[in-house]
2 protein chains.
Amino acid sequence: MRASDKAYATLREDIIEWRLTPGTVLAEVEQSERLGVSRTPVREALSRLSAEGLTTAAGGRGVVVTDISLEDIDEMFELRETLEGKAAALAAERGEHAVFEKLHADLLRAPELISDTDPARHEYYALVGRLDEAIDAAISNSYLAQAMRSLRVHLVRVRRLAADDAPRLHAAAVEHAAIAEAIAAGNARLAEAATTMHLNRSLSHVKATHSQH
Amino acid sequence: MRASDKAYATLREDIIEWRLTPGTVLAEVEQSERLGVSRTPVREALSRLSAEGLTTAAGGRGVVVTDISLEDIDEMFELRETLEGKAAALAAERGEHAVFEKLHADLLRAPELISDTDPARHEYYALVGRLDEAIDAAISNSYLAQAMRSLRVHLVRVRRLAADDAPRLHAAAVEHAAIAEAIAAGNARLAEAATTMHLNRSLSHVKATHSQH
DNA sequence: ATGAGCATCAGTGTATACATTAATTGCCGT
DNA sequence: ACGGCAATTAATGTATACACTGATGCTCAT
């Protein structure tokens, strides 16, 4: 593994997990010492992070971890609704029905995964990730897929803030199942509507839990 | 101006203007000699270009200029329709009407700019650029604006291929004017429809001129 | 003659020394 | 005492030397 990859992965993880909080300045020398590599791979890593929007170049004086405001969350979900709504519709038109029928069935059994002892809900999130990947593959549009991937990075940060509880995850699984079902049925408008509903409920939940802080 | 900025600007320009054709490998030492800077800023520039998608990292062996296939153009316009349609609708809801009334009036006078002697049609493209900027500002959504900016880089490359002729530019100006008018009227659905029409006509024109080669 | 293995080389990956810039602090003048 | 200018310093920006990896081509053995 290249040193720049290591630096990038570590910093990215630290930012997404909120160990590095917004406003923190990431100085090259400081991070190179912390990560045990030289400045060059650190520069490369910071450059990649800034391109993703996780950090922002602060005019000559290092890069700072990007903040996420309440308006940011609204904006992100507005774009997300546009992109994922279109993606769901395209998947309904172009996807393999069998793939989404399988996902639909798996998602209906998701409560088993949530009631599991794993506090991080790895299996549940892996299943939802499989739905995302299936949609990505079905749309046959690398530019749209790329736009969704860029956005997902920021959404993961938001999710870490929301602290999904079991009731919300159960409801979300049902919503995901509805999306998969609509795609499997080849119903583009229904798939888009199901996505819109799911995202609006997610946003409401995020804002509700966020307002408690 | 920093050396890395210079390297980035030069390479970007060369790729967009098709002086560097798809498949060309950009070796660090080679480019550093050509641009008169050391390898470090060249690396930085290539990194930025790859993040934008203008180049693709070819597994350890340098980066290559990204190709644009016919399918790519279809995919780009599919995403563009999604993003710009939404943007036009939001601008109709949130924008300053006066700004778009002014743009509407200016766009109706665009034929004067096209019949001008300037072969590059700087003034015309500057006017269309002002419409884009006005929409960007009106939507109040930095994530959506960012997604459109990322896409525009690739669209400029496509436009260079299409070689817009005067008749098409006249028609496009009318289409742009219709978008500005709908936004000024605060009619979101009309603005989205006008955008859809414009983009479909643009795509047809691009594909028509492209198929001649 | 052909195939496999080794050696050479070209290229990127990393470290570090040096240049440059911008901010902060201290001093001087008013 | 306050404000501005200058010097210092700490950070990034750049260049370059070195390391390492992957590829290509040559040689030797079968």
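Numbered from 1 within each chain, the chains take letters A, B, ... in sequence-line order.
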Ring pair (Phe, Tyr, Trp, His ring centres under 6.0 Å) contacts touching residues 132-165 of chain B (sequence neighbours left out):
Y143(A)-H154(B), H154(A)-Y143(B)
Return yes if a side-chain donor-acceptor contact under 3.5 Å exists between R121(A) and Y125(A), otherwise no.
no
Rounded distance (Å) that lies between atom P of dG13(D) and atom CG of L46(A)
10 Å
Can you list everything that forms a ring pair (Phe, Tyr, Trp, His ring centres under 6.0 Å) with H198(A)? Sequence neighbours excluded, please.
H176(A)
May I ask you to decide if L35(A)'s main-chain N or O and K6(A)'s side chain share a donor-acceptor pair within less than 3.5 Å?
yes
Contact list for residues 140-158 of chain B, test salt bridge (charged side-chain N to carboxylate O under 4.0 Å, His left out), sequence neighbours left out
D132(B)-R152(B), D136(B)-R149(B), D136(B)-R152(B)
To the nearest angstrom, the CE-P distance between M1(A) and dT21(D) comes to 15 Å
Strand contacts (DNA chain C) in residues 25-42 of chain A, 4.0 angstrom heavy-atom criterion:
V37(A), S38(A), R39(A), T40(A), P41(A)
By ring pair (Phe, Tyr, Trp, His ring centres under 6.0 Å), H205(B) pairs with (sequence neighbours left out) none
Quiz question: by atom type and distance under 3.5 Å, do the side chains of E52(B) and S150(B) form a donor-acceptor pair?
no
Closest contact, heavy atoms only, A87(B) versus I139(B)
O-CG2, 3.3 Å
Nucleotide dT16(C), atom C1' - distance to CZ of R43(A) in whole Å
13 Å
Taking only the side-chain nitrogens and oxygens of R2(B), find out if one of them lies under 4.0 Å from OP1 or OP2 of dT14(D).
no
E44(A) has an atom CD; how far is it from atom C1' of dT14(D), in whole Å?
16 Å
Axis deviation across the helix from dA1(C)-dT30(D) to dT30(C)-dA1(D), five-pair ends, to the nearest 10°:
10°
